[in-house]
2 protein chains.
Amino acid sequence: MKMNNRERARCETRAAILKALAHPTRLFMIEVLAKKSYCVFELTEMVGLDVSTVSKHLSILRNAGLVNVEKKGKHVFYSLRMRCALNFLDCVEAVLREQAQDRMDAI
Amino acid sequence: MKMNNRERARCETRAAILKALAHPTRLFMIEVLAKKSYCVFELTEMVGLDVSTVSKHLSILRNAGLVNVEKKGKHVFYSLRMRCALNFLDCVEAVLREQAQDRMDAI
DNA sequence: TTCATATTTGGCACAATAACCAAATGTTTA
DNA sequence: TAAACATTTGGTTATTGTGCCAAATATGAA
């Protein structure tokens with residue numbers, strides 16, 4: 001199968017979602033938000049980076065459709081929208097376990 | 001939960017795997033390799049980029065532990081190693097469907 | 001050995017990311 | 001309205017990622 005324009009577009013769309021997940025800070029927030037929703041300030045404390053940085057990370061997750069946003073007074077609460085993103089992470093875990101096994105085998 | 005050093009390291013490891021997937025060309029190859037193994041030359045034809053570029057993409061997938069490599073004569077065959085990477089993509093598909101639904105709702 | 005083919009690696013140019021600070025926006029409280 | 005707080009946006013810089021070409025490496029065939 002050749003990667004024609006249609007196919008390329010399809011892969012770009014999918015890759016965009018994966019890219020949104022593919023950053024340690026965003027991954028961390030996805031996991032935290034899986035438990036309950038938090039406002040930007042709370043997430044900033046947990047993450048330990050500048051508020052503006054965290055806000056930008058959240059906008060990336062938002063644009064990818066991975067989180068929900070809800071304004072309450074002067075706070076903005078984020079929550080995990082795509083629960084199946086967690087399955088992602090389980091699969092990643094499986095990859096890592098297998099990598100660890102390989103390293104054992106190599107000894 | 002704070003993102004301490006241990007937690008940061010854990011997220012970096014996981015993100016590294018997602019990063020390896022988060023590119024249209026690599027995503028395409030993952031899907032192609034899910035069906036059967038191919039050599040670099042065949043993949044290059046399908047992808048339509050320079051061989052060196054394809055080779056580098058493959059090395060990224062290899063380093064992430066997502067594909068297997070097998071040398072046969074002067075050819076190098078790649079195959080999908082982590083089948084569960086495909087579940088990843090099903091989940092991505094679900095995200096995309098939900099996004100499309102949102103756009104419908106917005107009308 | 002020499003040639004042809006297959007793949008990888010190095011180097012360069014350009015685009016995209018991610019971090020911070022500072023400034024702008026929006027919202028509640030005094 | 002003014003001040004305080006929460007969040008977002010703009011700008012800058014450093015780092016990384018991606019693509020191509022050219023060169024290096026590896027393997028099989030003549």
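The chains referred to below are lettered A, B, ... by the order of the sequence lines, with proteins before strands, and numbering in each begins at 1.
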What protein N or O atoms touch nucleotides 21-27 of chain C N or O atoms at under 3.5 angstrom, if any, and at what distances?
unit_1	atom_1	unit_2	atom_2	d
C:dC21	OP2	A:Asp50	OD1	3.4
C:dC21	N4	A:Ser52	OG	2.8

Pairs under 3.5 angstrom only: tabulate donor-acceptor contacts from the side chains of residues 59-66 of chain A to other protein residues two or more places apart or in another chain.
unit_1	atom_1	unit_2	atom_2	d
A:Ser59	OG	A:Lys56	O	3.0
A:Arg62	NE	A:Tyr78	OH	3.4
A:Arg62	NH2	A:Tyr78	OH	3.2
A:Asn63	ND2	A:Ser59	O	3.2

* Whole angstrom value for the distance that separates C1' of C:dT9 from CG of B:Leu58 -> 14 Å
* Report the C-alpha distance between A:Thr13 and A:Ile17 in whole Å, list the side-chain angles of each, state the deciding distance to 0.1 Å, and finish with yes or no for side-chain contact (heavy atoms from CB on, under 4.5 Å). => CA-CA 7 Å; A:Thr13 315; A:Ile17 298 209; 5.8 Å; no
* **Touch class at under 4.0 angstrom, heavy-atom based, for B:Tyr78 against every strand present** => sugar-phosphate
* Please give, in whole Å, the distance from C:dT8 C1' to B:Leu61 CG? -> 15 Å
* To do: May I ask you to say whether A:Arg10 pairs ionically with B:Glu31, meaning some side-chain N is under 4.0 Å from a carboxylate O?
  => yes
* Report whether A:Val32 and A:Phe77 are members of the same hydrophobic cluster (ILVMFWY, side-chain heavy atoms less than 4.5 Å apart, transitive linking). => no
* Counting just side-chain N and O atoms, does B:His75 come under 4.0 Å of either OP1 or OP2 of C:dT7? -> yes
* To do: Return yes if some donor-acceptor pair links the side-chain N/O of B:Thr44 with the main-chain N/O of B:Val40 below 3.5 Å, else return no.
  => yes
* Asked: Heavy-atom distance under 4.5 Å between the side chains of A:Met1 and B:Lys35, does that happen here?
  -> yes
* Structure fact -> ring-ring contact (aromatic ring centres under 6.0 Å, His included) pairs touching residues 16-37 of chain A, sequence neighbours excluded, are A:His23-A:His57
* What are the residues of residues 16-49 of chain B, sorted by number, that bring a heavy atom to within less than 4.0 Å of DNA chain C? -> B:Cys39, B:Val40, B:Phe41
* Taking only residues two or more places apart in sequence or in another chain, which ones pass side chain to side chain donor-acceptor pair (under 3.5 Å) with B:Ser52? -> B:Asp50
* Asked: When you check the gap from the basic side-chain N to the acidic O, do B:Glu98 and A:Arg81 get nearer than 4.0 Å?
  -> yes
* Would you kindly give the CD-to-P distance between B:Glu12 and C:dA19, to the nearest whole Å? => 10 Å
* To do: Answer yes or no: is there an ion pair linking A:Glu93 with B:Arg14, defined by an N-O contact shorter than 4.0 Å?
  => yes
* Asked: From the 5' end of DNA chain D to its 3' end, which nucleotides mark the outer limits of contact with chain A, defined by a 4.0 Å heavy-atom distance cut-off (strictly under)?
  -> D:dC5 to D:dG11
* So, does A:Glu42 use its side chain to make a donor-acceptor pair with the main chain of A:Cys39 at under 3.5 Å? -> yes
* **Interatomic distance, B:Lys72 NZ vs C:dT7 C1' [rounded to whole Å]** => 17 Å
